[in-house]
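Here's the structure we're looking at; comments come further down.
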Amino acid sequence: MSLNTEQGMDEAQERKHRLNMHRMKNALFQVLCEIKEKSALSQRNPPEDDPPDPQQLRLDRMLESEGVIGNDADAQLEGQLAASGDNTAEHGDYRAKLNQIRSIYHAELEKYNNACQEFTQHVQNLLREQSRTRPISQREIQRTITIISRRFNQIQLQLKQSTCEAVMILRSRFLDARRKRRNFSKQATEVLNEYFYSHLSNPYPSEEAKEELARKCGITVSQVSNWFGNKRIRYKKNIGKFQEEANLYAAKNAQAVCQTGANGSSMGYDTFDNS
DNA sequence: GTCAATGATTTGAT
DNA sequence: ATCAAATCATTGAC
């Protein structure tokens, strides 16, 4: 039968025709892509500026300094706690909570990254698929991907922000000195009161005096400043209430003066000048 | 539980 | 920067 050969001829012609169409289509798509590209460029953001977001950097720095990010978080945390002058009692609790925040952060981050990657891949495949039936340039795909990753970056930023917030709250809850105040030792209070009542007319220790007192009491200079600030205002507010205390330290001082002999012209107790 | 004492912080003035 | 004053948040006695 000649049907077969006829059919073969037809098929060959058909293939040729399709090939031609394909070439034409590709050429047409390319032109369309160029037009699209030009109109897109002219109508909106020509420069694809992507400067490192200052807020992003700020959050990164903060998280790193809080020991959420970074490989040496534990050592850093120890350093922090040592510097804060807190010992062993609430370390565990604080560290556990911080670790919790850290692991949540990393889990979320990984989740986002995976989702981003997955979504990007998906869109990329989709666009490649579609580029066979409508004009989509490689450049356009790339741009779409950039937009997606930027969008996910914003989500990451939010994650970092909320993590920062959580850390700050934890910090204020555990490291705020007000929340774990300890009264000074009896001896420390003794030393401070001694100085205060023997300088009642001018209870303002100099920087050196503060350092000396801090050393003697085993507290910091700012704690000495705090103490004198509090003491002055509270004494002034109610001198009567402190009279007993004043007498006590006056007697103590008198005893000291007697024991050390009569050379203490500057050792006498002043009276508070409240004018 | 209340409540005064007390150390720390905040605010505003100098 | 330092101080007074008001205020906060905990401690410790009751």
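Sequence lines set the chain letters: A, B, ... in the order given, protein chains first and strands last, and positions in each chain run from 1.
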| task | Calculate the interatomic distance between I233(A) atom CD1 and dC8(C) atom C1'; express it in whole Å. | result | 16 Å
| said: For a 4.5 angstrom cut-off between non-hydrogen side-chain atoms, does Y197(A) reach K252(A)? | reply: no
| field | Whole-Å distance separating the CH2 atom of W227(A) from the C1' atom of dT2(C) | value | 18 Å
| What integer distance in Å separates R232(A):CZ from dA4(C):C1'? | 8 Å
| task | To the nearest Å, give me how far apart CZ (F184(A)) and P (dG12(C)) are. | result | 13 Å
| task | Please confirm whether any donor atom in the side chain of N183(A) sits under 3.5 Å from an acceptor in the base of dA5(B), or the reverse. | result | no
| task | Let me know the distance between CG of N238(A) and P of dT6(B), rounded to the nearest Å. | result | 12 Å
| field | N/O (side chain, R182(A)) to phosphate O (OP1/OP2, dT11(C)) under 4.0 Å | value | yes
| Would you say K231(A) reaches dG7(B)'s phosphate, i.e. side-chain N/O to OP1/OP2 under 4.0 Å? | no
| query | Taking atom NZ of K216(A) as the centre, does the number of heavy atoms from other residues, nucleotides or ligands within less than 6.0 Å exceed 12? | reply | no
| Is any side-chain heavy atom of T120(A) less than 4.5 Å from a side-chain heavy atom of Q117(A)? | no
| message | Does a side-chain N or O of K236(A) approach OP1 or OP2 of dC3(C) to a distance below 4.0 Å, or not? | response | no
| task | Using atom CG of N226(A) as one end and atom C1' of dT7(C) as the other, report the distance to the nearest whole Å. | result | 14 Å
| Whole Å only: how far is the CZ atom of F228(A) from the P atom of dC3(C)? | 11 Å
| Would you find a donor on one side and an acceptor on the other, under 3.5 Å apart, between the side chain of E190(A) and the backbone of Q187(A)? | no
| request: Round to a whole Å and report the spacing from NZ of K241(A) to C1' of dT6(B). | output: 10 Å
| query | Could one point to a donor on the side chain of R234(A) or the base of dG7(B) with an acceptor on the other under 3.5 Å away? | reply | yes
| request: Determine: side-chain N/O of Q223(A) to OP1/OP2 of dG7(B), distance under 4.0 Å, yes or no. | output: no
| Atom CZ of F152(A) with >12 non-hydrogen neighbours under 6.0 angstrom | yes
